[in-house]
J.: 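The structure's right below; bear with me while I get my questions together.
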There are 2 protein chains.
Amino acid sequence: MNSKPVSLQLFNRLTKYLYFLEAFEEGEIPEYISATTIAKDLNYNDVQVRKDLASVSSGGKPKVGYVTRDLICDLTSFLGHDNETDAVLAGAGNLGRALMNYENFNNYGLNIVAAFDLADKVSEAQGFFKNKKVLSFDKMGDLCKRLGIKIGIITVPAEFAQEVCDIMVANGVRAIWNFAPINLKIPDYVVIKNEDMAASLALLIKRLKRKEDTKIRLEAGLKVD
Amino acid sequence: MNSKPVSLQLFNRLTKYLYFLEAFEEGEIPEYISATTIAKDLNYNDVQVRKDLASVSSGGKPKVGYVTRDLICDLTSFLGHDNETDAVLAGAGNLGRALMNYENFNNYGLNIVAAFDLADKVSEAQGFFKNKKVLSFDKMGDLCKRLGIKIGIITVPAEFAQEVCDIMVANGVRAIWNFAPINLKIPDYVVIKNEDMAASLALLIKRLKRKEDTKIRLEAGLKVD
DNA sequence: TAGATTGTTAATCGATTAACAATC
DNA sequence: TAGATTGTTAATCGATTAACAATC
């Protein structure tokens, strides 16, 4: 039922397959779809697509492919786009508010039950942001425990992140979604996903520079390694 | 000068090394730091740390390690935290505003020169958000071309993302940072980095569920695969 | 000299791709 | 039957780890 751990790569590819399938207008969904078709659109190897699909679906039919609607269901359920999960958020600054307000999360089953911040931020938000409660930090641990919250989102500045994380973990949170650019220490029964915007952007810029260099070298007839 | 392409994994690890080194208070920075020390703190294999560092630094000294300050410089420059780059942003919604307002980017050298959105959003923002200009979409292409902007950030809803992307690319943008949950089509002289918040969160939840299942199975004395 | 550490070479592991038989 | 496609087994590729010699 719950075999191998999913690698980031596999998970991201599966997500792209679902996006591709969901791009069909209702009523224009083809009955069957082949791995070859998906692979061509996403610029992937078709054997890889088939292998990936094998990990979520009950299989396709030679010559025609996979039943599109079944595949959509299988992907949706595997990716967990259909389940509802509660979370708390620490740090109601700009990024935190963006997440609180991100409509997509509701579609994908995330429910931020409350946000926490320093007292002045709380009163600035008048205790609410877009119908979500904003509370003072000292209420966080208690609420996590009382509601049995398993997911904590950290969007506070790096210097407070470890402290916030510790409080969450001490009160039953078992998954941390961390946006602070810092390496958080957690016990090994807690899972963490770091979302480092600045690092991510830095990599994009690095790759852009590399591509530009390569282009210049090619034009100049220099060796490209 | 610009040898192999950097893998995502390597880049992320290098970023963590730098965070670790930057965590020392000024004045308490040790003269030397060993790969073993870094590895222990981040829970990595020490040979890997040494190999990673070899790709950015001129090498350490047996018995003592690497000169800490030199290493910080090498990492900073390799990761590009010291260069200044201009970008435009399409979609001044909540996420877009969060990015416009994200102080870290300034530290890491990103300069969002202007944001673009639909006319009503522009007037709502009164043409500005936190001293950044918000303009109407139809001015985007022209501005990209005029200022020679190479980086475009896409935070519009999925259904407009391809169109926005095409305009950017047609006007000289060569790197796309895409937050819309859609697979954008780009020519191969353009680099892209997808930032799919919902997918990222879904993976975290998946791993949390898996860990909980494993725990329950262990407690029940069942087979864990 | 002994011990901690670097850096290289070889072995292992995992993920991707190629080759091909099975199927409708 | 022929052709497109699936799915499996083997080969390749890349990244991580282990073993070990070199060094201060």
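All chains are named by letter (A, B, ...) in the order of the sequence lines, taking the proteins before the strands, and each is independently numbered beginning at 1. Predicted model, so just to flag it, every value in this text is computed and none were measured.
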J.: Would you indicate whether the side-chain heavy atoms of A:Arg210 and B:Val6 approach each other to under 4.5 Å?
T.: no

J.: Roughly how many Å is it from CG in B:Asp46 to P in C:dT8, rounded to a whole number?
T.: 15 Å

J.: Polar-atom pairs under 3.5 Å, protein N or O versus N or O of nucleotides 19-24 of chain C: list them with distances, or write none.
T.:
none

J.: Examine the side chains of B:Tyr66 and B:Asp74 and answer whether a donor and an acceptor come within less than 3.5 Å of each other.
T.: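 Not at all, the side chains of B:Tyr66 and B:Asp74 share no donor-acceptor pair under 3.5 Å.
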
J.: Grab the OH-P distance between B:Tyr44 and D:dT16 for me, whole Å please.
T.: 10 Å

J.: Expressed in angstrom and rounded to an integer, what is the separation of B:Asn45 atom CG from C:dG7 atom C1'?
T.: 13 Å

J.: Does a side-chain heavy-atom distance below 4.5 Å link A:Asp196 with B:Tyr19?
T.: yes

J.: Side-chain donor or acceptor of A:Lys51 under 3.5 Å from a matching atom on the base of D:dT6?
T.: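 By the distance-only test, no, there is no pair.
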
J.: Do A:Asp86 and A:Leu147 make a side-chain contact, defined as non-hydrogen atoms from C-beta onward lying under 4.5 Å apart?
T.: no

J.: When you look for runs of 3 or more Watson-Crick or G-U pairs in a row, both distances below 3.5 Å, which of them include DNA chain D?
T.: C:3-24 with D:3-24

J.: Can you tell me the distance, in whole Å, between the NZ atom of A:Lys40 and the C1' atom of D:dA4?
T.: 11 Å

J.: Examine distances only and state if a side-chain atom of A:Arg97 and a backbone atom of B:Ala98 form a donor-acceptor pair shorter than 3.5 Å.
T.: no

J.: Find the distance A:Ile33:CD1 to D:dA4:C1' and express it as a whole number of Å.
T.: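 Atom CD1 in A:Ile33 sits about 15 Å away from atom C1' in D:dA4.
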
J.: Could you check how far CG of A:Leu14 sits from P of C:dT16, rounded to whole Å?
T.: 11 Å

J.: What's touching nucleotides 11-15 of chain D from the protein side, N or O pairs under 3.5 Å?
T.:
none

J.: I need the CG-C1' distance between A:Leu71 and D:dT6, as an integer number of Å.
T.: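 The distance from CG of A:Leu71 to C1' of D:dT6 comes to 13 Å, rounded to the nearest Å.
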
J.: If we only count heavy atoms from C-beta on, is the A:Asn12 to B:Asn194 side-chain gap below 4.5 Å?
T.: no

J.: Other residues, nucleotides and ligands only: do more than 12 of their heavy atoms fall within 6.0 Å of NZ on B:Lys145?
T.: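 Atom NZ in B:Lys145 is not crowded, with 12 or fewer foreign heavy atoms closer than 6.0 Å.
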
J.: For A:Lys215 and B:Tyr189, test the side chains for any donor-to-acceptor distance below 3.5 angstrom and give the result as yes or no.
T.: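 No, because no side-chain N or O of A:Lys215 sits under 3.5 Å from a partner of the opposite role on B:Tyr189.
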
J.: Please say whether more than 12 non-hydrogen atoms of neighbouring residues, nucleotides or ligands are located less than 6.0 Å from CD in B:Glu31.
T.: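 12 or below, so no.
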
J.: For A:Tyr66 and D:dG7, is the shortest distance between a side-chain N/O and OP1 or OP2 below 4.0 Å?
T.: yes

J.: Do the side chains of A:Asp166 and A:Lys185 get close enough for a salt bridge, i.e. N-O under 4.0 angstrom?
T.: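 Answer for the salt bridge query: no.
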
J.: Within the structure shown, what part of the strands sits under 4.0 Å from B:Ala35 by heavy-atom distance: base, sugar-phosphate, or nothing?
T.: sugar-phosphate

J.: Starting from the C-alpha separation in whole Å, work towards a yes-or-no answer on salt bridge (Lys or Arg N to Asp or Glu O under 4.0 Å) for A:Arg50 and A:Asp46.
T.: CA-CA 6 Å; A:Arg50 238 168 265 128; A:Asp46 63 316; 2.8 Å; yes

J.: Rounding to an integer number of Å, can you tell me how far A:Ile38 CD1 sits from D:dT5 P?
T.: 12 Å

J.: Please state whether the phosphate of D:dT6, meaning OP1 or OP2, lies under 4.0 angstrom from any side-chain nitrogen or oxygen of A:Thr36.
T.: yes

J.: So A:Phe105 and A:Trp177, would you call those rings parallel, tilted or perpendicular, with 30° and 60° as cut-offs?
T.: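 Taking A:Trp177 first and then A:Phe105, their aromatic rings stand perpendicular (interplane angle over 60°).
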
